[in-house]
Colleague: 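If you scroll down you'll find the structure; I have some questions about it.
A note on names: the letters A, B, ... follow the listed sequences, proteins ahead of strands, and every chain is numbered from 1.
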Number of protein chains: 2
Amino acid sequence: MKRTSLAGDSCPVARALDVFGDWWSLLIIRDASLGRRRFGEFQASLGLAKNILASRLRTLVEHRILKTVPASDGSAYQEYVLTPKGHGIFPILVALRQWSEEFDEHPEEIATILVDREKGKPVKKLALYSQDGRLLNEADITLKPRKARRVPA
Amino acid sequence: MKRTSLAGDSCPVARALDVFGDWWSLLIIRDASLGRRRFGEFQASLGLAKNILASRLRTLVEHRILKTVPASDGSAYQEYVLTPKGHGIFPILVALRQWSEEFDEHPEEIATILVDREKGKPVKKLALYSQDGRLLNEADITLKPRKARRVPA
DNA sequence: GCAATCAGGTTTAATAATGCAACCACGCGG
DNA sequence: CCGCGTGGTTGCATTATTAAACCTGATTGC
């Protein structure tokens, strides 16, 4: 069967999904962004098989989304923490959360809401703006080739 | 071995991933948001097996992210178009794209950039704001229980 | 100081999800 | 009535995911 790799795709959405588009990676990253760092913490929180967790952590480290650090409590073990590249996934988690908050069929089952720490009030929805500050929706944008193609002589 | 379902999870991120967190759904939604509507268009664009595509389209319709409409060119076939719930996924696609644009190891392989239709200039990065307009980053937010828990007498 | 326990995995064997290709049904053109 | 394009479904081989058993090195109990 071989799951088709998207790594060579030219679409940035596909390239991102190739890195963490599987069933567990984003949840591991979510846990990491909530401060979990130890193998056992992830395993207890997510309830996934340990071999899968080991495999996912390995590929996330390879992709430099996580890095291992020597320990924090003096024990001989290692911990997994987000790199800057990993922290960059934060908006994606927020977007996923906001979509569920808005469209989930059973919103009463959602346990938590995202609030700003200072005031304790819900955050605004993520929104897309043009460089000159206009609010953009799906119809207001378009795709452009990244660079003018060099025409062969 | 049954793939563990996340549908009953109380985390909205997990709930979203349960709906479209597989290998293909987000790419189908991306294509739909680019205007593709026919089975054959998706299949040609994504290069996935037809049975998988049929299965994904079915579950996306069940979840009301896509809906089938009778035809647009008069033929007897049906087309798949995004519902409002489906259009709500747009910010997630943008977030994925922007992450790749910022962190991909081979950005030269990315073919397109997102620009606003009116001016043709790249869009701003998605950003998270508090209700009173402060720019928030990962450290400025926290999770709060959705409702005050009713304490049993 | 020796057994028991725990963190952090690897190995094994079963089951479920892919992928590919072949097949089917329908409408249409000739 | 024969073939072709669209839109699927069905079988079967291959791969991924899973739970559970096992392993290793460090820490704790006594």
Colleague: Among all residues two or more places apart in sequence or in another chain, which pass the side chain to side chain donor-acceptor pair (under 3.5 Å) test with A/Arg134?
Modeller: A/Asp132, B/Asp116, B/Glu118
Colleague: Looking at residues at least two apart in the chain, or sitting in another chain, which of them share a side-chain contact (heavy atoms from CB on, under 4.5 Å) with B/Phe103?
Modeller: A/Lys85, B/Trp99
Colleague: To the nearest 0.5 Å, what is the distance between CG (A/Leu93) and CG (A/Leu27)?
Modeller: 9.0 Å
Colleague: Does B/Arg56 have any salt bridge (Lys or Arg N to Asp or Glu O under 4.0 Å) partners at least two apart in sequence or in another chain, and if so, which?
Modeller: B/Asp22
Colleague: Once you apply a heavy-atom cut-off of 4.0 Å, does A/Tyr80 come out as touching a base, just sugar-phosphate, or nothing?
Modeller: sugar-phosphate
Colleague: Polar-atom pairs under 3.5 Å, protein N or O versus N or O of nucleotides 3-5 of chain D: list them with distances, or write none.
Modeller:
unit_1, atom_1, unit_2, atom_2, d
D/dG5, N2, B/Tyr77, OH, 3.2

Colleague: Got a sec, which pairs hit ring-ring contact (aromatic ring centres under 6.0 Å, His included) with one end in residues 22-49 of chain B, sequence neighbours left out?
Modeller: none
Colleague: Would you list the pairs meeting side-chain hydrogen bond (donor to acceptor under 3.5 Å, both in side chains) in which at least one residue belongs to residues 57-70 of chain A, sequence neighbours left out?
Modeller: none
Colleague: Which nucleotide wins on minimum distance to the side chain of A/Lys50, given the candidates C/dT10, C/dA22, D/dT18?
Modeller: C/dT10
Colleague: Of the candidate nucleotides C/dT11, D/dT9, C/dG9, which contains the atom at the shortest distance from the side chain of A/Asn51?
Modeller: C/dT11
Colleague: Can you figure out which of D/dT17, C/dG9, D/dA19 approaches the side chain of A/Arg56 most closely?
Modeller: D/dT17
Colleague: Of the listed nucleotides (D/dA19, D/dG7, C/dG8), which one gets closest to any side-chain atom of A/Arg38?
Modeller: C/dG8
Colleague: Where the side chain of A/Ala76 is defined as all heavy atoms beyond and including C-beta, which of D/dA26, D/dT18, D/dG11 is the nearest nucleotide?
Modeller: D/dA26
